[in-house]
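Not measured: the values here are computed from a predicted model. Order of the sequence lines fixes the chain letters, A, B, ..., with proteins taken first and strands second; residue numbering starts at 1 for each chain.
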Protein chains: 2
Amino acid sequence: MEKSPLHSISEENYLKAIFALTPTSPSGVSTNDIAKRLDTKAASVTDMIKKLADKKLVNYKKYQGVKLTNEGRKVAISTLRKHRLWEYFLVEKLHFKWDEVHEIAEYLEHINSDVLINRLDDFLGNPEFDPHGDPIPDKDGNLTPHQNITLNDLQKDESGVIVGVKDHSSAYLKFLETNGLLLGINVKVIDIQEFDESVKIIVNQQNEISLSQKASKNLIIRKL
Amino acid sequence: MEKSPLHSISEENYLKAIFALTPTSPSGVSTNDIAKRLDTKAASVTDMIKKLADKKLVNYKKYQGVKLTNEGRKVAISTLRKHRLWEYFLVEKLHFKWDEVHEIAEYLEHINSDVLINRLDDFLGNPEFDPHGDPIPDKDGNLTPHQNITLNDLQKDESGVIVGVKDHSSAYLKFLETNGLLLGINVKVIDIQEFDESVKIIVNQQNEISLSQKASKNLIIRKL
DNA sequence: AAGATAGTTTAGGTAAGCCTAAAAATCTAA
DNA sequence: TTAGATTTTTAGGCTTACCTAAACTATCTT
Ligand SMILES: [Mn+2]
Ligand SMILES: [Mn+2]
Ligand SMILES: [Mn+2]
Ligand SMILES: [Mn+2]
């Protein structure tokens, strides 16, 4: 008798997607949004939602969108924990760049062994944030949510420290890296253009660069 | 357009099983042997063998058993490399015992990223042997085969060093551990019972213990 | 309030990887 | 050398996770 996993890889990916989309659709995540995020078709999403509802991982009423149950949220957070710990491992121990780790972690996150992930956590020194500044849930599923102030919210002459990114695309992360915009770096807004909301900033009290609104609204900041 | 892996997890497991069974059935590995090793049914094996033959990973003639092609052997060895490197990681970095790592490595071995596995290899210091004494293939697929002399082959008063195990079961590994029979340990045969081929040995020039033939023929030795 | 449109579900189908039961091939041993 | 046993293959089914096309529901526009 082989012990089969409680949740399939697909189920875990759906739960994680619903969890991620919940803040912007708290009244119910739509079929289409899930389909877009998982690069699949709406009909497939409806299929899977029914299975998740049968397993009591989501609450679902036709045409009303979907919400995680407590149990579903637990699975999503546990998957996030694994994803972020593996990302941290890849960057800190195997010297990957922060734009190279997401895809590999998409696979590693589905290795389900509590012993494994807790030992990895200890081996890494119980890190609080992943390489993109996202908080790593602890083994009891506690997740300190990000503050949501971005560079775009700063006024002229205000400064802050980079603590995370909202856009995890390789293109964006590479762009940040070439401009020295890494976690922990100090930024000060010295000018804001009205017409396109682009900002001129000083990076680390040294270089002066200018960022589009799209770039600045994806950079999470702790105000100083 | 998602890039889908060249070989499925199932395909990799079949290729690994065929590779492992080849030494004892060089003229062709039988359907039943594969089924037993993978804990599946003969009919399922026939299905998969056909798929592998279509992909030119094995040569197959009905009722004649199956042999790996060069390409198939490459995939098998690459999977072994991953399996053994992850086992080494689990024992050396996460402090698992040697009897606890196999199952987890069964999953980790299917994460297919050359960059990942080569960086892991470097991080671990390019180990040559896994926690069970099995050789780890290098990145070009070179695999130094084990010598096959076991404790059972030693004559009275001969001694050797433990370099591996043939039986990887948790029961056997735990038994060895409680008797101090670990890799690198010195053993000397001081008596052999004719009637049941059990041996009395001295472990590490200290403890005297007695081993059944079943126990001694699964312990790989380098003669001194 | 009705029709157009956008979003969602259903219907029906596919491929992978497994299964049981039955048929066919091969091996073994008298 | 041939009957019986064993092994292997085939036939037909199942589940998961996808898909397209068509039908349905909800929402927006006039
Ligand atoms: Mn994933
Ligand atoms: Mn991340
Ligand atoms: Mn495996
Ligand atoms: Mn091993």
Distance-only polar pair, side chains of B:D196 and B:S198, donor-acceptor under 3.5 Å = yes
Take the angle between the ring planes of A:H83 and A:H102 and call it parallel below 30°, perpendicular above 60°, tilted in between.
-> tilted
Residue-level proximity of residues 11-25 of chain B to DNA chain D when a heavy atom falls under 4.0 Å | none
How does DNA chain D read in dot-bracket, base by base from 5' to 3', with Watson-Crick or G-U pairs under 3.5 Å and | used when the partner is on another strand?
-> ||||||||||||||||||||||||||||||
Could you go over nucleotides 25-28 of chain D and give all protein N or O partners under 3.5 Å, atom names and distances?
from   : atom 1 : to    : atom 2 : distance (Å)
D:dT25 : O4'    : A:Y63 : OH     : 3.4

Answer yes if the side chains of A:H110 and A:N13 hold a donor-acceptor pair under 3.5 Å, and no otherwise.
-> yes
Does any donor atom in the side chain of A:S169 or A:D167 lie under 3.5 Å from an acceptor atom in the other side chain?
-> yes
Say whether, by atom type as modelled, one donor and one acceptor occur between the side chain of A:N142 and the main chain of A:D138 under 3.5 angstrom.
-> no
Salt bridge (charged side-chain N to carboxylate O under 4.0 Å, His left out) pairs, two or more places apart, involving residues 43-64 of chain B | B:E11-B:K55
Are B:K174 and B:E177 close enough for a salt bridge, meaning some N to O gap below 4.0 Å?
-> no
Which of residues 41-60 of chain A have a heavy atom under 4.0 Å from DNA chain C?
-> A:A42, A:A43, A:T46, A:K50, A:Y60
Hey, does the side chain of B:Y88 reach the backbone of B:F129 with a donor-acceptor pair shorter than 3.5 angstrom?
-> no
Side chain of B:T40, backbone of B:A35: donor and acceptor closer than 3.5 Å?
-> no
Are any side-chain N or O atoms of A:S25 and backbone N or O atoms of A:T22, one a donor and one an acceptor, separated by less than 3.5 Å?
-> no
Is there side-chain contact between A:I111 and A:I117, with at least one heavy-atom pair below 4.5 Å?
-> no
Quickly, which of A:R81, A:R84, A:K82, A:K16 forms a side-chain hydrogen bond (donor to acceptor under 3.5 Å, both in side chains) with A:E109? Name it, please.
-> A:K16
Between P of D:dT6 and CG of B:N32, the distance in whole Å = 12 Å
Looking at A:E197 and A:K217, does any basic side-chain N land under 4.0 Å from a carboxylate oxygen?
-> no
Taking the six-membered ring of A:F89, is the NZ or CZ of B:K93 close enough (under 6.0 Å from the centre) and on axis enough (within 45°)?
-> no
Once you round it to whole Å, what is the distance between C1' of D:dT7 and CG of B:D33?
-> 11 Å
Using only side-chain N and O atoms of A:S10, determine if any of them is under 4.0 Å from OP1 or OP2 of D:dT16.
-> no
Positional range of nucleotides in DNA chain C within the contact set of chain A, heavy-atom, under 4.0 Å = C:dG7 to C:dT10
Between B:R119 and A:H95, is there a donor-acceptor pair closer than 3.5 Å when you use the side chain of the first and the backbone of the second?
-> yes
